[in-house]
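Structure record follows, encoded as structure tokens.
We're numbering straight along the sequence, starting at 1.
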Amino acid sequence: MMLVDILEKKIDDSVYIIAEIGQNHQGCLELAKTMILKAKEAGCHCVKFQKSDLPAKFTRSALAREYVSENAWGKTYGEHKEYLEFSRDQYQELQAYSRQLNVDFTASAMDELSLDFLADLKVPFIKIGSGDANNFPLLKKAAGLGVPLVISTGMQTIQTVEKIVKIMAEAGKIDYALMHCVSAYPTPPKDCNLRLISMLKNRFPNVVIGYSGHELGVAITQAAVLLGARIVERHFTLDKNQKGSDHRCSLETHEFKSLIAAIQRFKLTKLPFDPDAIISMLGGDQELAEALQYNGEKKVLACELPCRNKLGKSIVAARTLHKGLKLQLTDLAIKVSEPNGLPAEAYFDIVGKELTDTVYEDEPIAGNMVKL
């Protein structure tokens, strides 16, 4: 498998292309199959979906909140997400169809139960999305499964990325990649900060670095490859005008074909190129120049805050926890919460700390509820 060869650095002149179907299938199995076929015809190596166990990923209040949006598939956020979620049987049918077409099939694991689901499905690798890049318990579990991992780093600081690398090292995990990513849909060129690809390659020389892009068009993703990204992921749609929040920043079939054709023309053994050379090679405009500007150390960007506030993970009570309790690992869970609580990366920091308030099951634990 090409991805494994890239992760093991057996090859350095190829780019692995992932078509992120995500939930752009509109909850329709036949549309999902059509998208798999079109992604294969475009030249993609892999099709990727998103797998969630809703009660494991979201608190009850997050699922119950009213969802008023032109993109909604239900009256509540839970109904909306349930409409877009495929069953085990449907996943197995999509996997079998992908196998017939000789295209890799996988999904993002959005919670621990979905991680187990995908491992049991024997996918070739598991994606950990940006929303779980600071979910250290999930990462520790994933690192021990014996399955290659691709980990996006949107909405995270460089300190969190360093923690990810430490978790992988402690587990003896070497078959994984880090994806430079900005979680804004679409991402403005000035926020793409593609030079972070070079920074990540220099700081973590033994780790394969890729790019998961949400910008419009393909030129910026081409530039990411010329900077040395060896895995590329872009959202895929058959029609950008369809209902759904991800379609606008997705690539249609002809755009994916254009992107892949360009990558195949690159002399990848000569990489990386410097930004000025990339702009010259791609006939770059102002937007490409903005994307190639170095905007400083990796941090959470203002453009990412809407996504982080909506889908970032918080620490919540796994059961009713009474005031005065000294917190243990089994007392805590990490979920998308409404409202937000302490961020997921604080999980191990608050173990052993005393609760100053009673917190009920599935409710978020805020910073003022813990005696630090």
As an exercise, state the distance from [atom1] of [X] to [atom2] of [Y], rounded to the nearest 0.5 Å.
X    : Y    : atom1 : atom2 : result
K298 : Q156 : NZ    : CD    : 7.0 Å
E338 : S61  : CD    : OG    : 6.0 Å
E85  : L54  : CD    : CG    : 5.5 Å
L200 : M179 : CG    : CE    : 11.5 Å
I17  : D104 : CD1   : CG    : 12.5 Å
Q23  : Q50  : CD    : CD    : 5.0 Å

Is it the case that atom [atom1] in [X] sees more than 12 heavy atoms from other parts of the structure closer than 6.0 Å?
X    : atom1 : answer
K9   : NZ    : yes
K140 : NZ    : yes
Y360 : OH    : no
K299 : NZ    : no

(message) Tell me which one of I279, L268, L282 satisfies side chain to side chain contact (heavy atoms under 4.5 Å, CB included) with L226.
(response)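 Between L226 and the candidates, side chain to side chain contact (heavy atoms under 4.5 Å, CB included) is satisfied uniquely by L282.
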(request) For side chain to side chain contact (heavy atoms under 4.5 Å, CB included), just list the numbers for M369 and K323, CA-CA rounded to whole Å, side-chain angles, deciding distance to a tenth of an Å, and then say yes or no. (result) CA-CA 9 Å; M369 296 177 179; K323 178 180 178 179; over 6 Å; no
Under 4.5 Å between side-chain heavy atoms, counting indirect links through other Ile/Leu/Val/Met/Phe/Trp/Tyr residues: same cluster for [X] and [Y] or not?
X    : Y    : answer
I197 : I231 : no
F125 : I174 : no
F117 : V150 : no
V103 : I6   : no
F86  : Y97  : yes

Min side-chain heavy-atom separation [X]-[Y] under 4.5 Å:
X    : Y    : value
K173 : D175 : yes
F273 : F266 : no
S245 : Y185 : no
L118 : V147 : no
I151 : L139 : yes
I18  : F236 : no
N241 : H247 : no
L251 : T221 : no

Taking [X] for its side chain and [Y] for its backbone only, find out whether a donor-acceptor pair lies under 3.5 Å.
X    : Y    : value
D362 : R60  : yes
R234 : G217 : yes
E354 : K371 : no
D331 : Q328 : yes
Q26  : K243 : yes
E252 : H254 : no
S98  : L94  : yes
H180 : R195 : no
N309 : L305 : yes

Would you tabulate the side-chain donor-acceptor contacts of residues 63-72 under 3.5 Å, counting partners in other chains and residues two or more places apart, or write 'none'?
{"residue": "S69", "atom": "OG", "partner": "N71", "partner atom": "N", "Å": "3.0"}
{"residue": "N71", "atom": "OD1", "partner": "G244", "partner atom": "N", "Å": "2.9"}

(request) Please assess R248 against K240 for the test side chain to side chain contact (heavy atoms under 4.5 Å, CB included), listing each intermediate value before the final yes or no. (result) CA-CA 5 Å; R248 186 185 170 204; K240 294 184 183 185; 5.7 Å; no
Residues 204-213 side chain polar contacts: donor-acceptor under 3.5 Å, at least two apart:
{"residue": "Y211", "atom": "OH", "partner": "E215", "partner atom": "OE1", "Å": "2.7"}
{"residue": "S212", "atom": "OG", "partner": "E233", "partner atom": "OE1", "Å": "2.7"}

(message) Would E82 and W73 count as a side chain to side chain contact (heavy atoms under 4.5 Å, CB included) here? Give the steps.
(response) CA-CA 9 Å; E82 184 67 34; W73 296 97; over 6 Å; no
Taking all non-hydrogen atoms of both residues, which atom of [X] and which atom of [Y] are closest, and how far apart?
X    : Y    : result
V218 : S258 : CG2-OG, 4.4 Å
I260 : G43  : CD1-C, 3.4 Å
L238 : Q242 : N-NE2, 4.0 Å

(request) Could you pull out all residues at least two apart from D132 that satisfy salt bridge (Lys or Arg N to Asp or Glu O under 4.0 Å)? (result)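 For D132 the salt bridge (Lys or Arg N to Asp or Glu O under 4.0 Å) partners, ignoring immediate neighbours, are K313.
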(request) Would you please name every residue forming a salt bridge (Lys or Arg N to Asp or Glu O under 4.0 Å) with E112, sequence neighbours left out? (result)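 For E112, the residues satisfying salt bridge (Lys or Arg N to Asp or Glu O under 4.0 Å) (neighbours in sequence not counted) are K141.
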(request) Could you walk me through whether F105 and F49 pass the ring pair (Phe, Tyr, Trp, His ring centres under 6.0 Å) test, one step at a time? (result) CA-CA 8 Å; F105 172 90; F49 291 77; 5.5 Å; yes
(request) Taking the six-membered ring of F58 (Phe, Tyr or Trp), confirm whether the NZ or CZ of K81 is under 6.0 Å from its centre and within 45° of its axis. (result)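 No - K81 does not lie over the ring of F58 by the 6.0 Å and 45° rule.
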Identify all side-chain donor-acceptor contacts of residues 157-171 below 3.5 Å with residues at least two apart in sequence or on another chain.
{"residue": "T157", "atom": "OG1", "partner": "Q159", "partner atom": "N", "Å": "3.4"}
{"residue": "T157", "atom": "OG1", "partner": "Q159", "partner atom": "OE1", "Å": "3.3"}
{"residue": "T157", "atom": "OG1", "partner": "T160", "partner atom": "N", "Å": "3.3"}
{"residue": "T157", "atom": "OG1", "partner": "T160", "partner atom": "OG1", "Å": "3.4"}
{"residue": "E162", "atom": "OE2", "partner": "R203", "partner atom": "NH1", "Å": "2.9"}

(request) Might you work through the side chain to side chain contact (heavy atoms under 4.5 Å, CB included) test for V123 and K51, ending with a clear yes or no? (result) CA-CA 12 Å; V123 294; K51 185 70 184 83; over 6 Å; no
(message) By the definition side-chain hydrogen bond (donor to acceptor under 3.5 Å, both in side chains), identify the one residue from N24, D239, T237 that meets it with S250.
(response)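 Answer after filtering N24, D239, T237: N24.
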(message) Please evaluate residues D111 and K335 with respect to the criterion salt bridge (Lys or Arg N to Asp or Glu O under 4.0 Å), reporting the C-alpha separation (whole Å), side-chain torsions for both, the decisive distance (0.1 Å), and the verdict.
(response) CA-CA 8 Å; D111 52 79; K335 299 185 181 185; over 6 Å; no
Would you tabulate the side-chain donor-acceptor contacts of residues 27-40 under 3.5 Å, counting partners in other chains and residues two or more places apart, or write 'none'?
{"residue": "K33", "atom": "NZ", "partner": "E93", "partner atom": "OE2", "Å": "2.7"}
{"residue": "T34", "atom": "OG1", "partner": "E30", "partner atom": "O", "Å": "3.1"}
{"residue": "K40", "atom": "NZ", "partner": "N102", "partner atom": "O", "Å": "3.2"}

